[in-house]
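Have a look at the structure below, then the notes.
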Amino acid sequence: MPTDQPARARADADSTERRLTVVDQALRLFAEKGYEATTVDEIAEAAGISRRTFFRQFRSKEDVVFADHESQLTQARAFLEAAQGDPWDAVCEAVAEVFERFTQWREIAARRYGVVRQVPTLREREIVTVFRYERLFTDYLRRTVPGTSDLALVQFTAAVTATHNYLLRRMVRGESAASAADLRAALAAIPRAGAGRADAAGADQMVVAVFPRDLPARQVADLLARRLADPDRDKL
């Protein structure tokens, strides 16, 4: 049966907005009163919901601190599942979109940063959350670039995640006005596995090929690709 996708998208957006309202109020209270001193009842009252509704949406006070990350991870996973083209670029774009959404929720990100810095258990949860992003990106690359060194994949996803977090933290601390475009430029400079080796290998080689003048361009490209992929083949 056909589904009403626009209606579902609106419902999802409304649900995310309601959750972010609770997150915003919770972080405000944590910043004002302290994490331990703030109760679930106070959060629910500030957000205009019941205690029961709070626990339908969140399992604990700790969960509410990182609730927007759940939405971010879900959207990043959906983006990668639908991605076409170069997988390395897809990961970079997924990271950039995460950053863009955080810039829209800048106050929430800034409040969380201040609260997390003060509570050791929340700092530990933050480390786990960062690892979830890295694992999502690494698992995607394992599926889409099979045969690549696992260490190279982990190094790449750790680098893109660290670059995102560095720029985001500078932004929420008011030290930088970095945009998603700035992040994209920084991510583009991170080496992809194999790219450097391929460049180095080709730097000291020259390929000379001779073709009939009327040979179609596509056939020329195919012959060159096969020759370059297997240098031990007979010469063209």
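Looking at residues two or more places apart in sequence or on another chain, you find a side chain to side chain contact (heavy atoms under 4.5 Å, CB included) between A46 and Q25, R28, L29. Contacts of S50 classified as side-chain hydrogen bond (donor to acceptor under 3.5 Å, both in side chains), with partners at least two apart in sequence or in another chain: T53. Here I127 pairs with nothing under the side chain to side chain contact (heavy atoms under 4.5 Å, CB included) rule; sequence neighbours left out. Residues passing the side chain to side chain contact (heavy atoms under 4.5 Å, CB included) test with D182, sequence neighbours excluded: A178, S179. Scanning for side chain to side chain contact (heavy atoms under 4.5 Å, CB included) contacts around E81 gives R77, with sequence neighbours left out.
Residue R52 qualifies as open at atom CZ: its count of foreign heavy atoms under 6.0 Å is 12 or below.
The closest side-chain donor-acceptor pair between E70 and T74, if any, does not fall under 3.5 angstrom.
The list of side-chain hydrogen bond (donor to acceptor under 3.5 Å, both in side chains) pairs with a residue in residues 145-156, not counting sequence neighbours, reads R142-D150. For the ring pair (Phe, Tyr, Trp, His ring centres under 6.0 Å) condition, the pairs that include at least one residue of residues 111-139, sequence neighbours left out, are H69-Y133. Under the salt bridge (charged side-chain N to carboxylate O under 4.0 Å, His left out) criterion, the residue pairs touching residues 33-50 are K33-E42, D41-R51, with sequence neighbours excluded. Under the side-chain hydrogen bond (donor to acceptor under 3.5 Å, both in side chains) criterion, the residue pairs touching residues 82-97 are D89-R192, E93-R184, with sequence neighbours excluded. Under the ring pair (Phe, Tyr, Trp, His ring centres under 6.0 Å) criterion, the residue pairs touching residues 22-59 are F30-Y35, F54-F58, with sequence neighbours excluded. Pairs engaging residues 112-122 under the salt bridge (charged side-chain N to carboxylate O under 4.0 Å, His left out) rule: D68-R112, R117-E126 [sequence neighbours left out].
Residues R101 and A76 share a closest heavy-atom pair of NH2-N, 4.2 Å. Of all the heavy atoms in A90 and L80, the pair that sits closest is O-CD2, 3.8 Å. Considering every non-hydrogen atom in both A31 and V115, the closest pair reads N-CG2, 4.0 Å. When every heavy atom of Y140 is checked against every heavy atom of P87, the shortest pair comes out as CE2-O, 3.6 Å. The nearest pair of heavy atoms linking E100 to A180 is CG-CB, 3.1 Å.
The CD1 atom of I108 sits 4.5 Å away from the CG atom of D24 when rounded to the nearest 0.5 Å. To the nearest 0.5 Å, the span separating OG1 on T138 from CG on L141 amounts to 6.5 Å. Rounding to the nearest 0.5 angstrom, the gap separating the OG1 atom in T129 from the CD atom in E124 is 12.0 Å. For the atom pair CG (D63) and CZ (R59), the distance works out to 4.5 Å, reported to the nearest 0.5 Å. Separating the CG atom in L183 from the CG atom in L187 is a distance of 4.0 Å, to the nearest 0.5 Å.
Considering only heavy atoms from C-beta on, V98 stays 4.5 Å or farther from V95 through its side chain. With a 4.5 Å cut-off on side-chain heavy atoms, L27 and V23 count as touching. The closest side-chain heavy-atom distance from F66 to L122 is below 4.5 Å. No side-chain heavy atom of R132 sits under 4.5 Å from any side-chain heavy atom of L136.
Here the options are V145, D139, V91, the test is side-chain contact (heavy atoms from CB on, under 4.5 Å), and the partner is L153; only V145 passes.
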Listed pairs under 3.5 Å, donor-acceptor, residues 162-171 side chains, sequence neighbours left out:
from, atom 1, to, atom 2, distance (Å)
T163, OG1, A159, O, 2.8
N165, ND2, T161, O, 3.4
R170, NH2, E175, O, 3.2

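Both W105 and I43 belong to a common hydrophobic cluster when Ile, Leu, Val, Met, Phe, Trp and Tyr are linked at side-chain heavy-atom distances under 4.5 angstrom. One hydrophobic cluster, built from ILVMFWY side chains closer than 4.5 Å, holds both V65 and L73. V64 and V119 fall within the same hydrophobic cluster, defined by Ile, Leu, Val, Met, Phe, Trp and Tyr side-chain heavy atoms under 4.5 Å apart, directly or through other members.
Under a 3.5 Å cut-off, the side chain of K61 and the backbone N or O of A26 do not form any donor-acceptor pair.
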